[in-house]
Amino acid sequence: MQKSPSHTGLFVAALVIGCWATSIILLMQWHFNFADPFVYVFMLVQMHLYTGLFITAHDAMHGTVSPNKGLNDFVGYLSTFLYASFWYPQLYTKHHKHHIHVHTHDDPDYHQGTFFAWYVQFIRNYLSIWQIVVMAVIFNILKIWIPQPNLIMFWVAPSLLSTLQLFYFGTYQPHKGEHDNRHFARSQRRNHLAAFFSCYFFGYHYEHHESPGVPWWRLWKAPLPNDEKELTNS
């Protein structure tokens, strides 16, 4: 499958970033109380939008946002910074290392251990002291104008929760255990609604490794693996 047309990939990226920005601006102004159940609904919505930011950056790493490299990389830099002040070049290098050395000791996303140990290793591989410092500085500046509960519930918590979403559906489930295929990956069973809400179709993970030039919004169209029973979760 070919890479996405420039205008389409860019439009999808702008839509995701725009939805995240609109949502967070509105939520930063909301006078809420913790007894309101909509607080937690909107926190989960924001979590999903944060995941979308990272998936957009991931598409940029594979050059599917725009064939214009400068524009493509700008979207990558912007998305990773908005997500949690990540440094895009570092993520780019590590993600391509994952594709080259998948399921080996040289794979930064792979760990032979329990879910919790693997998650901790996953976070440690990508988190830096400078990133924590930048986020802390931004938090303390923003709380001058924005109520602290809003920052915690709609800025901090959704970002942290989305790391679990990305890890579970995009790394742990696809790559845990042993595999009988060259990508050492499995895919969730085809259910496009569940696949979108779980992790922007990245549960179709074998398909992603088979065709990394396919953007997230076209993964649902990717051909099924030859042996679906071997490559899908039960």
Side-chain angles (χ1 to χ4, degrees), residues 11-59 78-86 114-120 122-124 126-127 131-132 134-174 176 187-205 216-217 219-220 232-234:
F11 170 77
V12 173
L15 182 63
V16 172
I17 295 170
C19 286
W20 174 87
T22 301
S23 175
I24 202 165
I25 289 169
L26 293 174
L27 290 171
M28 289 300 104
Q29 303 174 61
W30 184 25
H31 299 288
F32 69 87
N33 67 76
F34 287 99
D36 186 347
F38 281 106
V39 171
Y40 309 98
V41 172
F42 289 138
M43 182 179 71
L44 292 176
V45 169
Q46 195 64 15
M47 175 193 77
H48 189 65
L49 292 173
Y50 263 103
T51 298
L53 281 181
F54 196 90
I55 295 297
T56 299
H58 171 271
D59 271 7
L78 179 64
S79 299
T80 52
F81 179 78
L82 293 175
Y83 181 79
S85 299
F86 280 111
T114 64
F115 171 85
F116 181 74
W118 192 342
Y119 175 69
V120 170
F122 179 79
I123 294 299
R124 287 180 63 187
Y126 289 96
L127 199 62
Q131 182 187 355
I132 295 171
V134 169
M135 293 298 289
V137 169
I138 293 173
F139 180 89
N140 281 283
I141 292 172
L142 289 176
K143 74 178 185 180
I144 297 172
W145 302 284
I146 300 169
Q148 192 163 309
N150 294 63
L151 285 170
I152 292 171
M153 294 301 292
F154 304 125
W155 189 58
V156 177
S159 179
L160 293 174
L161 288 172
S162 76
T163 66
L164 277 169
Q165 184 179 2
L166 287 159
F167 171 72
Y168 183 79
F169 292 105
T171 297
Y172 179 74
Q173 277 294 339
K176 71 175 181 177
S187 293
Q188 68 185 87
R189 294 199 178 278
R190 288 293 175 106
N191 181 320
H192 299 327
L193 190 65
F196 170 72
F197 283 108
S198 60
C199 199
Y200 292 77
F201 301 116
F202 267 84
Y204 300 157
H205 209 75
W216 72 263
W217 46 273
L219 265 179
W220 66 277
T232 57
N233 296 319
S234 58

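Because only heavy atoms are used, hydrogens play no part in the values below, and waters and symmetry mates are left out as well, while side chains stay in. Along the sequence shown, residues are numbered consecutively beginning with 1.
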Distance (rounded to the nearest 0.5 Å) between [X] [atom1] and [Y] [atom2]:
X      : Y      : atom1 : atom2 : answer
Gln148 : Leu142 : CD    : CG    : 11.5 Å
Thr51  : Leu164 : OG1   : CG    : 9.5 Å
Leu127 : Phe86  : CG    : CZ    : 6.0 Å
Leu160 : Ile152 : CG    : CD1   : 11.0 Å
Ile17  : Leu82  : CD1   : CG    : 6.5 Å
Tyr40  : Met47  : OH    : CE    : 15.5 Å

Inset, instruction - Could you tell me whether the side chains of Thr163 and Tyr119 share a donor-acceptor contact shorter than 3.5 Å? - result: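 Their side chains do contain a donor-acceptor pair, which is all the 3.5 Å distance test asks for.
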Nearest heavy-atom neighbours spanning [X] and [Y]:
X      : Y      : result
Arg190 : Trp220 : NH1-O, 3.3 Å
Phe197 : Gln165 : O-NE2, 3.3 Å
Met43  : Phe154 : N-CE2, 4.0 Å
Tyr204 : His192 : OH-ND1, 2.9 Å
Gln188 : Ala195 : NE2-CA, 3.6 Å

Legend entry - Pairwise side-chain contact, Trp118 with Phe167, heavy-atom cut-off 4.5 Å (strictly under):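 Answer yes - side chains close enough.
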Legend entry - Student check: side-chain heavy atoms of Gln173 and Phe202 closer than 4.5 Å: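 Gln173 does not reach Phe202 side chain to side chain.
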Inset, instruction - Could you pull out all residues at least two apart from Ala21 that satisfy side-chain contact (heavy atoms from CB on, under 4.5 Å)? - result: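 Checked Ala21 against side-chain contact (heavy atoms from CB on, under 4.5 Å); zero matches.
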Legend entry - Test side-chain contact (heavy atoms from CB on, under 4.5 Å) applied to Tyr50 - qualifying residues, sequence neighbours left out: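 So Tyr50 forms a side-chain contact (heavy atoms from CB on, under 4.5 Å) with Trp20, Ile24, Gln46, Leu53, Tyr83, Trp155, Pro158, Ser159, Ser162.
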Inset, instruction - Would you please test Ile55 and Leu166 for side-chain contact (heavy atoms from CB on, under 4.5 Å) and show each step? - result: CA-CA 9 Å; Ile55 295 297; Leu166 287 159; 3.9 Å; yes
Side-chain donor-acceptor pairs of residues 26-34 under 3.5 Å, sequence neighbours excluded:
{"from": "Gln29", "atom 1": "NE2", "to": "Ile25", "atom 2": "O", "distance (Å)": "3.0"}
{"from": "Asn33", "atom 1": "OD1", "to": "Ala35", "atom 2": "N", "distance (Å)": "3.0"}
{"from": "Asn33", "atom 1": "OD1", "to": "Asp36", "atom 2": "N", "distance (Å)": "3.2"}

Inset, instruction - Describe, in one word, how the ring planes of Trp216 and Phe201 are oriented to each other, choosing from parallel (under 30°), tilted (30 to 60°) and perpendicular (over 60°). - result: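 It falls in the parallel class, under 30°.
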Inset, instruction - Could you tell me if the ring centre of Phe169 sits under 6.0 Å from that of Tyr200? - result: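 No, the ring of Phe169 stays outside the 6.0 Å limit from the ring of Tyr200, centre to centre.
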